[in-house]
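In what follows, a single structure is set out as structure tokens and then discussed.
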Amino acid sequence: MKSKAGKPSLLPGDLVEQLEDLARRASKAVEESSDAEELAAKRTEVLGRGGALNQALQHLAGLPQPERGDVGRRANEVKSNLEKAFAARRDALEAGLLEVQLRQEALDVTLPGRPLARGRIHPANQTLRQIIRIWAEMGFQVYRSREVETDELNFGLLNMPPYHPARDQWDTFYTTNPQLLLRTHTSPGQIHVMRERAPQPIRVILPGMCYRYEQVTARSEIQFNQVEGLAVGRRITFADLKGTLTAFARRLFGAEVATRFRAAHFPFTEPSAEMDVECFVCGGVGCAVCKGTGWLEVLGSGMVHPTVLSNGGYDPAQFSGYAFGMGPERLTMLKHRIEDIRYFWGNDLRFLEQF
Ligand SMILES: [Zn+2]
């Protein structure tokens with residue numbers, strides 16, 4: 001019997017038999033596939049556009065109703081089951097591949113990790129922070145001011161007029177404008193803070209970078225940190241200066257440290273004194289660090305000069321104050337027995353990594 005379309009006509013039972021047979025053979029092929037490529041090729045043979053299933057279904061059109069519906073439903077079931085079987089087998093093959101890969105490229109979790117390179121605080125800044133912390137605990141605020149200053153603020157208002165011999169002590173970086181320079185000390189900040197706050201009392205420290213046009217040697221650099229302090233108010237005396245600076249030295253160098261004050265001269269303070277602490281290397285016996293004296297100079301200080309007070313807006317008849325200044329690099333050198341100040345800005349990691 002031939003259909004109108006010229007295709008060989010099958011009985012419904014034959015077609016169902018053919019579908020079942022196809023399903024059995026395809027399932028077996030799925031089971032037997034051992035890699036993903038082989039499986040994909042078999043899937044195309046069975047489920048592809050010109051595959052075995054579609055070929056079988058060409059006969060569907062030749063079937064009489066209602067068998068056509070029943071066989072069609074069965075054909076869809078077979079197709080859907082086979083698609084699931086192929087997908088499951090593909091997943092299983094891929095999982096197996098992953099497992100093999102994991103076994104072959106096993107991670108050794110006992111291997112120590114690579115250490116991360118971490119930065120650290122520069123030794124001069126470590127000391128600076130320590131100094132700032134101590135003064136902050138004693139009620140001193142941090143006051144920062146500019147590094148480019150006018151000649152007047154850096155010298156003139158600090159009791160160093162143009163003819164003053166003290167101006168020879170500082171060789172200065174001037175800009176193309178002769179009235180503008182890189183500050184040689186943090187002291188111009190004293191004028192700034194006084195003019196800002198007069199007639200209120202002041203307790204501040206003024207940390208920051210200073211610049212001097214000097215020959216760079218083991219003892220001197222063209223840039224360095226300074227921490228200056230200033231207290232202004234009524235009835236502030238030299239006893240306050242000594243007591244406060246001694247308290248500071250005890251916090252920085254230890255409660256047992258001995259201190260002494262030596263008369264000194266600075267243009268912006270009167271009277272002036274330098275403070276020494278007992279050499280912490282030799283305990284005051286005398287060594288190379290203290291050059292045999294048993295003492296180390298740590299800061300300069302004095303009562304604020306009346307001219308500086310009035311330049312800052314305070315009446316020297318009613319107000320008094322004290323000021324002091326120290327160098328964090330110098331203190332760091334003493335503390336760690338560093339013999340060359342050039343290490344601080346040399347960017348040599350062999351030096352910096354020791355702190
Ligand atoms: Zn010593």
Side-chain angles (χ1 to χ4, degrees), residues 120-135 137-138 140 169-170 185-186 205 207 209-210 212 214-229 238-266 269 271-303 322-346 348-355:
R120 62 194 76 209
I121 308 289
H122 189 280
N125 280 330
Q126 288 181 25
T127 309
L128 187 60
R129 289 186 181 192
Q130 197 183 0
I131 293 169
I132 289 173
R133 201 161 50 237
I134 294 169
W135 286 109
E137 284 168 11
M138 296 203 283
F140 283 71
Q169 289 175 20
W170 290 282
H185 48 184
T186 45
I205 55 166
M209 197 64 87
C210 306
R212 291 186 194 171
E214 282 187 300
Q215 175 93 40
V216 176
T217 68
R219 315 266 325 150
S220 60
E221 254 289 0
I222 58 170
Q223 67 173 89
F224 52 92
N225 282 292
Q226 225 178 34
V227 181
E228 189 141 332
F238 198 80
D240 296 315
L241 178 157
K242 285 184 78 172
T244 312
L245 290 179
T246 304
F248 166 75
R250 286 177 182 157
R251 290 190 188 213
L252 187 64
F253 297 108
E256 303 304 315
V257 76
T259 53
R260 73 172 183 185
F261 287 81
R262 284 180 291 104
H265 173 76
F266 304 109
T269 49
S272 305
E274 280 174 342
M275 185 175 80
D276 296 343
V277 296
E278 195 174 60
C279 177
F280 41 76
V281 178
C282 63
V285 180
C287 69
V289 177
C290 60
K291 299 191 184 74
T293 64
W295 295 94
L296 298 168
E297 182 202 323
V298 291
L299 56 84
S301 63
M303 300 305 288
Y322 60 83
F324 52 87
M326 65 195 89
E329 283 87 12
R330 187 181 144 66
L331 292 174
T332 310
M333 288 171 80
L334 289 174
K335 209 162 99 184
H336 298 292
R337 304 187 62 175
I338 298 163
E339 281 166 1
D340 195 324
I341 198 172
R342 290 172 290 193
Y343 285 131
F344 285 105
W345 318 124
D348 188 336
L349 286 178
R350 291 170 301 178
F351 171 74
L352 296 171
E353 283 177 346
Q354 295 176 50
F355 300 95

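Both ligands and their constituent atoms are indexed starting at 1 by order of listing.
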Relative to each other, are the rings of F140 and Y322 parallel, tilted or perpendicular (30° and 60° limits)? tilted
Just say parallel, tilted or perpendicular for the rings of F344 and F351, cut-offs at 30° and 60°. perpendicular
Donor + acceptor pair across side chains of Q130, K335 (<3.5 Å): yes
In the shown structure, where waters are left out, how many protein N, O or S atoms lie under 2.8 Å from the Zn ion (ligand 1)? 4
Residues T127 and P328: closest non-hydrogen pair is CG2-O, 3.8 Å
Looking at every heavy atom in both I341 and T217, which two are closest together, and how far apart are they? CG2-O, 3.5 Å
Taking the inter-plane angle between the rings of F238 and F261 on a 0 to 90° scale, is it parallel (under 30°), tilted (30 to 60°) or perpendicular (over 60°)? perpendicular
